[in-house]
There are 2 protein chains.
Amino acid sequence: MPRERSTTRKAKAAETRAALLEAARRLFSERGYLNTKITDITAAAGRATGSFYEHFASKEELLTALLAELEDAVDAHVVAMEHPREHDLTDRDQLRDHLAAAWTVMRDNRPVAVALFQAMVADDPGSGRAWRDLREQTRTIREHLEYLVERGHRLPGDPELVAAAIGAMLLTLNYALLKTPDSPDDDRVVETLTDFTLHGLAGPPAPSQSVRPPDAPPAAPTTA
Amino acid sequence: MPRERSTTRKAKAAETRAALLEAARRLFSERGYLNTKITDITAAAGRATGSFYEHFASKEELLTALLAELEDAVDAHVVAMEHPREHDLTDRDQLRDHLAAAWTVMRDNRPVAVALFQAMVADDPGSGRAWRDLREQTRTIREHLEYLVERGHRLPGDPELVAAAIGAMLLTLNYALLKTPDSPDDDRVVETLTDFTLHGLAGPPAPSQSVRPPDAPPAAPTTA
DNA sequence: GTCTATACCAGGATAGAC
DNA sequence: GTCTATCCTGGTATAGAC
């Protein structure tokens with residue numbers, strides 16, 4: 001009789017590994033990645049310090065494992081979508097869907113989002129890691145923007161830069177709003193970011209093609 | 001004869017203090033705030049470890065001093081401007097001036113910008129520091145946006161949130177672009193951020209009221 | 001594979017002579 | 001005020017028994 005209570009004797013290791021990952025998630029979310037020590041993780045997992053190194057060489061490696069899990073989950077979720085680059089981000093619904101997806105992933109995986117963001121910023125500024133991470137995480141957006149440019153659309157600037165700007169906004173705002181209480185609810189944030197990204201401060205052109213009712217007053221005239 | 005070579009015996013302390021600050025600036029800029037240890041600073045300043053504590057109680061306090069210097073400089077620079085909140089950020093020139101000012105300050109004070117940003121992110125996510133810092137640093141923008149709303153302009157969302165989004169974009173993009181080589185030049189970045197903030201991805205309304213020549217093709221039609 | 005125990009070091013901070 | 005010397009903590013990582 002191989003495994004009865006999920007313990008094939010040897011597969012018990014996987015249990016410890018899982019416990020460590022789970023504890024890490026909890027602590028990363030609460031105290032943050034940088035302030036969580038390896039000893040904190042093992043203690044929270046009810047394991048000895050030494051056991052940690054049987055599974056991970058370092059905290060960074062554990063984070064990598066966490067990230068791999070996340071990517072698997074995301075892949076499984078997007079498996080049916082294919083996600084070609086032929087999306088028109090100047091279409092409000094499509095834009096909102098993209099931003100909402102990004103936002104939801106960050107919210108549903110708070111520990112990883114926190115850890116990645118902190119790790120990105122903690123590295124030496126000259127290392128270029130921040131830029132690299134930002135580029136990677138905005139790949140999809142960038143490709144969509146490049147597609148727009150190819151179709152003749154005029155963007156505010158280089159797609160790479162614009163995509164990075166949007167990503168910077170998303171990542172940092174998400175992090176800042178993690179504070180436990182009274183954050184604006186996710187829907188409102190996504191709607192705001194959508195409208196801002198789509199039309200900026202100036203607001204939509206004359207005939208409101210947004211979802212909003214037409215009771216919005218016109219743009220303010222110039223001032224001092 | 002009081003001071004001959006800037007050493008009144010006792011005023012020599014100020015020299016050490018300045019040396020520490022200067023060394024800290026250099027190291028913060030190169031290795032970042034988090035990776036710079038107090039011993040690194042004293043070593044770089046050619047002083048003994050113990051001397052540090054004669055001037056600052058901690059690294060954080062040194063950062064505060066650095067920040068105070070910066071604010072003095074900024075104040076002196078803006079002294080003639082008064083800077084009332086009656087600015088219209090939907091006016092491209094005014095918007096660009098604001099963004100350019102923020103960008104220039106960050107670029108001209110790289111060490112402080114790095115340190116503040118890292119310190120903000122390194123704190124526990126639940127502490128709310130990130131949100132607090134973000135709010136403080138976007139106070140001016142927020143006030144301008146509130147002014148717009150009072151005048152009847154329709155923003156993409158709550159002024160506080162929109163201001164924070166803009167600030168998040170600026171701070172993080174600045175940090176990411178600090179990597180020494182091949183960053184796009186500051187002018188291009190500011191222009192891009194201006195256009196994005198003003199009109200978003202959709203671009204300006206039909207009759208181009210932006211600076212750009214009218215050779216820009218129309219917005220891309222809808223697609224799959 | 002997991003535990004206990006411990007070596008080890010980086011770094012913060014202080015004591016006390018000059 | 002600045003130095004040298006040192007203490008002491010927290011945290012990483014390993015050794016070796018079970």
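Worth saying up front: this structure is predicted, and the values here are computed from it rather than measured. Quick note on labels: first sequence line is chain A, next is B, and so on, each numbered from 1.
Per the geometry, CZ belonging to Arg47(B) stands 20 Å off P belonging to dA13(C), to the nearest Å. When rounded to the nearest whole Å, the span between CD1 of Ile41(B) and P of dA13(C) equals 12 Å. Here the C1' atom of nucleotide dC3(C) and the CZ atom of Phe52(A) are 17 Å apart, to the nearest Å. Between Glu15(A) atom CD and dT2(C) atom P the separation is 9 Å, expressed in whole Å. One interatomic measurement links the two molecules: CG of Leu62(B) to C1' of dG12(C), which rounds to 15 Å at whole-angstrom precision. For the pair Glu61(B) CD and dA13(C) C1', the computed distance is 14 Å after rounding to whole Å.
Within the structure, the salt bridge (Lys or Arg N to Asp or Glu O under 4.0 Å) test picks out the following pairs touching residues 18-47 of chain B (sequence neighbours left out): Glu22(B)-Arg25(B), Arg25(B)-Glu69(B), Arg26(B)-Glu30(B), Arg31(B)-Asp40(B). Annotation: ring pair (Phe, Tyr, Trp, His ring centres under 6.0 Å) contacts involving residues 13-42 of chain A, sequence neighbours excluded, comprise Phe28(A)-Tyr33(A). Screening residues 159-171 of chain B for salt bridge (Lys or Arg N to Asp or Glu O under 4.0 Å), with sequence neighbours left out, gives Arg135(B)-Glu160(B). Residues in residues 121-131 of chain A take part in these salt bridge (Lys or Arg N to Asp or Glu O under 4.0 Å) pairs, two or more places apart or across chains: Asp123(A)-Arg129(A), Arg129(A)-Asp133(A). Legend: ring pair (Phe, Tyr, Trp, His ring centres under 6.0 Å) pairs involving residues 164-195 of chain B, not counting sequence neighbours, sorted by first then second residue: Phe117(B)-Tyr175(B). Legend: salt bridge (Lys or Arg N to Asp or Glu O under 4.0 Å) pairs involving residues 50-66 of chain A, not counting sequence neighbours: none detected.
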**Report entry** Reading 5' to 3' through nucleotides 4-18 of chain D, protein heavy-atom contacts under 4.0 Å coded B for base, S for sugar-phosphate only, - for none
**Finding:** B------SBBB----
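A salt bridge links Arg85(A) with Glu150(A); the closest basic N to acidic carboxylate O contact falls under 4.0 Å.
Across its full length, the helix from dG1(C)-dC18(D) to dC18(C)-dG1(D) shows an angle of 10° between the axes of its 5 terminal pairs at either end, rounded to 10 degrees.
With sequence neighbours excluded, the residues that form a ring pair (Phe, Tyr, Trp, His ring centres under 6.0 Å) with His98(B) are His83(B), His87(B), His144(B).
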